[in-house]
S.K.: 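Below you will find the structure I want to go over with you.
Since this is a predicted model, take the numbers as computed values, not measurements.
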2 protein chains.
Amino acid sequence: MVNMSQHMERDYGLEKDDKISNSVIRRLPVYLRHVQTLRAAGIQTISSQQMGVQLDMNPAQIRKDFAYFGEFGRKGVGYDIEYLEHMLLQILHLDRQIGVALVGAGHLGIALSNYARFQSERITIMALFDNDPVKIGTHIGDLIVQDMKFLREQCHDRNIEMGIIAVPAAVAQDVCDRLVEGQVRVILNFAPTNLRVPKHVILRTTDFTTELQALAYYIAR
Amino acid sequence: MVNMSQHMERDYGLEKDDKISNSVIRRLPVYLRHVQTLRAAGIQTISSQQMGVQLDMNPAQIRKDFAYFGEFGRKGVGYDIEYLEHMLLQILHLDRQIGVALVGAGHLGIALSNYARFQSERITIMALFDNDPVKIGTHIGDLIVQDMKFLREQCHDRNIEMGIIAVPAAVAQDVCDRLVEGQVRVILNFAPTNLRVPKHVILRTTDFTTELQALAYYIAR
DNA sequence: TAGATTGTTAATCGATTAACAATC
DNA sequence: TAGATTGTTAATCGATTAACAATC
């Protein structure tokens, strides 16, 4: 009995984030983007059925994904677009500013810094680093490229929550370690290499080479 | 009996590529990269056990992935690194040149054109397009930026097999349609938008915004 | 031969889809 | 009320992992 009650308390404590799978999480931004498009078009309500057709997805999956986070819809009616957008933003923590450190001021880094600013104001690149003396001190947008030796302290002092690695593979692990030392817990890596992070750090690697090579499989078939 | 023989013939025709799942295919470039690292370090043989530790993967999964494509290993010994690399390159069609058209000569496009050349010589960007009159005619590496109005005919005439979309979301569908008209069957899209392609075209979308937003979920937890 | 490791079948796990009662 | 659509449980599908006979 004691065991059971402890177990239930623990479940209650974790509440809604009771291990939502990554597959679900990665679909949320897709829903968000679509909902924003619909709102811009002046649409006010949508059913999972309609959304399924528009996004080429199974309507049951859409309903189930939403239901993990509460009851957003109205039976017989569908989902209110504005409310749905509000909830998706909240779930993804995009209802408040998220500070990001971007490491690497090459073409990819510059592309990313433009991109992120345009697309989603709440994810804000607060600091940009490189180790090239020629680049350090130059302006990119409204950011100044800083020496990588300040990476750790800047992340820590400014409470930066996310790191983006856009440097060559050879130095990616070093950059990654510095981010972790600076208390960054969520890292997006674009370098084509397998990075090692402590268990408490979330790392996602997505690199061009791997994507292209995987797609090459489908050629000539 | 006639039906059965037809069915078997069809299976035989599909042979080894009898629907290997995308999850498997996407791991192949990871194996390839690792095997190349090992070879560069002068290592000649590896077991699925060792590889599992190094890549933080289940050894049974590694063996099963390889086994879809034949018997590469030696029982009691492991896999010959050089032979494994050879086979992975062959499976991914990286043993011959693959012609790529890159659309978008912004920072992302330039980053991609550097990247792809360095990493894997066989995936070759053969043509680069943009619709900005200022960029058209300029050199990027050893490529000249061409007007997008030549996209379709160039892809068709030069037998380009893969397309990369690195343009803003607003024009991505138009670019995509032109690639398809030019007989390109495999497309990697970096624009944050849901593109429509005919069934016979393989499309993979990977965009920064979606990745960042999905990762934002894991912040503050 | 003894020890190691593959290739493959069976068991498990997890994610997607179908079905339907609840209800707007 | 009748028709529509959600939220959720059950069924299905697919992918991962364990286990082990075959064999180097």
S.K.: It should be established whether B/R63 places a side-chain nitrogen or oxygen under 4.0 Å from OP1 or OP2 of nucleotide D/dC20.
M.R.: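 Indeed not, no polar side-chain atom of B/R63 lies that close.
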S.K.: Mind calculating the distance between CG (A/N58) and C1' (C/dA15) to the nearest angstrom?
M.R.: 12 Å
S.K.: Whole angstroms only, please: what is the CG-C1' distance between A/D80 and C/dC24?
M.R.: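 Result: 14 Å.
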S.K.: Below 4.0 angstrom from OP1 or OP2 of D/dT16, is there any side-chain N or O of B/Q61?
M.R.: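 B/Q61 to D/dT16 OP1/OP2: side-chain N or O found under 4.0 Å.
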S.K.: Round to a whole Å and report the spacing from NZ of B/K64 to P of D/dA18.
M.R.: 14 Å
S.K.: Taking atom CD1 of A/I46 and atom CG of A/L84, what is their separation to the nearest 0.5 Å?
M.R.: 9.0 Å
S.K.: Report the distance from atom CD of B/Q213 to atom CZ of A/R33, rounding to the nearest 0.5 Å.
M.R.: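 If we round to the nearest 0.5 Å, B/Q213:CD and A/R33:CZ are 8.0 Å apart.
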S.K.: Please tell me which of the listed nucleotides, D/dT6, D/dG7, C/dT8, lies nearest to the side chain of A/A67?
M.R.: D/dG7
S.K.: Hey, is the side chain of B/Y79 poking within less than 4.0 Å of OP1 or OP2 on C/dA4, counting only N and O atoms?
M.R.: no
S.K.: May I ask which nucleotide in the shown strands pairs with C/dG7, Watson-Crick or G-U wobble, both distances under 3.5 Å?
M.R.: D/dC20
S.K.: Only one of A/V103, A/V175, A/I202, A/L179 passes side chain to side chain contact (heavy atoms under 4.5 Å, CB included) with A/I187; say which it is.
M.R.: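 In the set A/V103, A/V175, A/I202, A/L179, the residue that makes a side chain to side chain contact (heavy atoms under 4.5 Å, CB included) with A/I187 is A/L179.
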S.K.: Can you tell me how far P of D/dT6 sits from CD1 of A/I62, to the nearest Å?
M.R.: 9 Å
S.K.: C/dG7, D/dA19, D/dT8: which one has an atom nearest the side-chain heavy atoms of B/A60?
M.R.: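 Per side-chain heavy atoms of B/A60, the pick is D/dA19.
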S.K.: Given D/dA15, is OP1 or OP2 found less than 4.0 Å from the side-chain N or O atoms of B/R27?
M.R.: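 No, no such contact exists.
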S.K.: Measure NZ/A/K19 against P/C/dC13 and give the value in whole Å, please.
M.R.: 17 Å
S.K.: Does a side-chain N-to-carboxylate-O contact under 4.0 Å join B/E161 and B/R185?
M.R.: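 So B/E161 does not pair with B/R185 through a salt bridge.
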S.K.: May I have the distance from A/Y68 (atom OH) to D/dT9 (atom P), rounded to whole angstrom?
M.R.: 11 Å
S.K.: For a 4.5 angstrom cut-off between non-hydrogen side-chain atoms, does A/F190 reach A/I165?
M.R.: no
S.K.: Quick one: look up who D/dT12 pairs with, Watson-Crick or G-U, both distances under 3.5 Å, and put none if it's unpaired.
M.R.: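 Answer to the pairing question: C/dA15, which forms a Watson-Crick or G-U pair with D/dT12.
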S.K.: How close or far is atom C1' of D/dA4 from atom CD of A/Q50, stated in whole angstroms?
M.R.: 11 Å
S.K.: Using only side-chain N and O atoms of B/S48, determine if any of them is under 4.0 Å from OP1 or OP2 of C/dT6.
M.R.: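 Checking B/S48 against C/dT6: at least one side-chain N or O falls below 4.0 Å of OP1 or OP2.
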S.K.: Round to a whole Å and report the spacing from CD1 of A/I25 to P of C/dA15.
M.R.: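 It is 11 Å, rounded to the nearest whole Å.
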S.K.: If you assign each of A/M57 and A/G76 to its closest nucleotide in DNA chain C, which residue comes earlier from the 5' end?
M.R.: A/M57
S.K.: Please compare B/F72 and A/V24 by the position of their nearest nucleotide in DNA chain C and report the one closer to 5'.
M.R.: B/F72
